[in-house]
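What follows is a set of notes on a single structure, which appears directly below.
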Amino acid sequence: MNERIFFEWSNDTIVTTIIYAIIIIASLLYLYKEYIDTDSRLKRIGAVTIAIFLVIANIYLMSMTPLYVKYNQTEICIKNIIGRKVIPYSEIISIECIEPAVIGRSTRRMASDGAGGYVGLFNNKTLGNYYMYATQHSELVLITTNDKKVVFNCHKRDDLVEYIKDKI
């Protein structure tokens, strides 16, 4: 078995991602205008430096956007645009379906809170530190290993959870 389940996006994640992209594009256009309209070398260097920082930050953020969950006989893999998170079944202590209230009032440690999904390291009183790879706050799955917790959304979560429970 080699099942692949693509992430479904909620409307708020789509809107947040679009607003974020518009802000980045508007910022880059403003910096370009400042670069063209100035004779000051210092302002040009500043505009280019900020533009480079914005482009790198945007590439990094978008590279973390989750695409699909893939699972087979030995592991589960969360595939991002660039990279992936692989969890062998041998490391899984538990897997369960959770409700959105479990991740409520979470704070971002190093994460995106909607632009490109909810991706990165989060923290709350219930779970402690956990990694999340989600494009919506429904149909959530929690995997607990010896050293980390991973939350992601999956529209076929019941089938996925039952399959992996049989493997661990």
Going through the distances and angles, do Y163 and Q73 end up as a side chain to side chain contact (heavy atoms under 4.5 Å, CB included)?
CA-CA 9 Å; Y163 180 81; Q73 296 292 330; 3.3 Å; yes
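- Side-chain atoms of T13 come within 3.5 Å of backbone atoms of T135 as a donor-acceptor pair (strictly under, hydrogens ignored).
- Taking all atoms of both residues into account, the shortest heavy-atom contact from A111 to G120 is CB-CA, 3.7 Å.
- Within 6.0 Å of CG on L42 lie no more than 12 heavy atoms contributed by other residues, nucleotides or ligands.
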If you apply the rule side chain to side chain contact (heavy atoms under 4.5 Å, CB included), what do you find for L160 with F152, and how did you get there? CA-CA 12 Å; L160 172 79; F152 61 94; 3.6 Å; yes
**Request:** Start with the C-alpha distance between F122 and I103, add both sets of side-chain angles, then the distance that settles side chain to side chain contact (heavy atoms under 4.5 Å, CB included), and finish with yes or no.
**Result:** CA-CA 9 Å; F122 290 81; I103 61 168; over 6 Å; no
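- Residue Q136 holds its CD atom at 9.5 Å from CD1 of I14, rounded to the nearest 0.5 Å.
- Considering all non-hydrogen atoms of both residues, I76 and Y89 come closest at N-CE2, 3.8 Å.
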- Query: Where do T65 and W9 land on the side chain to side chain contact (heavy atoms under 4.5 Å, CB included) test, with the steps shown first?
  - Reply: CA-CA 11 Å; T65 300; W9 286 53; 3.4 Å; yes
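- Interatomic distance, K43 NZ to L31 CG, rounded to the nearest 0.5 Å: 12.0 Å.
- Distance check: D159 CG to C154 SG gives 8.5 Å after rounding to the nearest 0.5 Å.
- M132 pairs with exactly one of L142, N153, V151 by the side chain to side chain contact (heavy atoms under 4.5 Å, CB included) rule, that one being V151.
- Atom CG of N72 and atom CZ of R4 lie 11.5 Å apart (nearest 0.5 Å).
- Residues T16 and A115 approach most closely at CG2-N, 3.5 Å, considering heavy atoms.
- Between the side chains of Y118 and S106, not a single donor N or O lies within less than 3.5 Å of an accepting N or O.
- Considering all non-hydrogen atoms of both residues, P66 and A134 come closest at CG-N, 4.2 Å.
- Within a 6.0 Å sphere centred on CG of D39, heavy atoms belonging to other residues, nucleotides or ligands number 12 at most.
- N124 places a side-chain N or O within 3.5 Å of a backbone atom of L127 that can act as its donor or acceptor partner.
- A salt bridge is absent between E96 and K149: the closest approach of a Lys/Arg side-chain nitrogen to an acidic carboxylate oxygen does not fall below 4.0 angstrom.
- Judged purely by atom type and a 3.5 angstrom limit, R157 has no side-chain atom pairing as donor or acceptor with the backbone of S138.
- Under the 4.5 Å side-chain heavy-atom criterion for grouping Ile, Leu, Val, Met, Phe, Trp and Tyr, Y71 is connected to I168 within one hydrophobic cluster.
- R84 and V86 make their closest contact through NE-CG2, 3.5 Å (heavy atoms, listed as atom of the first residue, atom of the second, distance).
- When atom types are taken as modelled, the side chain of T17 and the backbone of G116 share a donor-acceptor pair closer than 3.5 angstrom.
- Here K148 pairs with nothing under the side chain to side chain donor-acceptor pair (under 3.5 Å) rule; sequence neighbours left out.
- Other residues, nucleotides and ligands contribute more than 12 heavy atoms inside 6.0 Å of the CG atom of D166.
- The 12-atom threshold is not exceeded at NZ of K70, counting heavy atoms of other residues, nucleotides or ligands nearer than 6.0 Å.
- Taking both residues in full, the closest heavy atoms of Y133 and F7 are given as O-CE2, 3.3 Å, listed atom of the first, atom of the second, then distance.
- One finds the CG atom of N123 at 4.0 Å from the CZ atom of R109 (value rounded to the nearest 0.5 Å).
- Paired with M64 under the rule side chain to side chain contact (heavy atoms under 4.5 Å, CB included), one option of V119, I81, I82 passes, and it is V119.
- Within 6.0 Å of atom OH in Y130, more than 12 heavy atoms from other residues, nucleotides or ligands are found, so the atom counts as buried in its surroundings.
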For residues 44-63, which side-chain donor-acceptor pairs fall under 3.5 Å, sequence neighbours excluded?
| from | atom 1 | to | atom 2 | distance (Å) |
| --- | --- | --- | --- | --- |
| R44 | NE | Y35 | O | 3.3 |
| R44 | NE | T38 | O | 3.2 |
| R44 | NH2 | T38 | O | 3.2 |
| T49 | OG1 | I45 | O | 2.7 |
| S63 | OG | I59 | O | 3.4 |
| S63 | OG | Y60 | O | 2.6 |

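- Within the 4.5 Å cutoff, side-chain heavy atoms of H155 are placed close to those of I5.
- Among residue pairs with one or both ends in residues 5-33, those qualifying as salt bridge (charged side-chain N to carboxylate O under 4.0 Å, His left out) are K33-D37; sequence neighbours excluded.
- Rounding to the nearest 0.5 angstrom, the gap separating the CG atom in L67 from the CD1 atom in I78 is 11.5 Å.
- Residues V102 and L140 form no side-chain contact, since every pair of their non-hydrogen atoms from C-beta on lies 4.5 Å or further apart.
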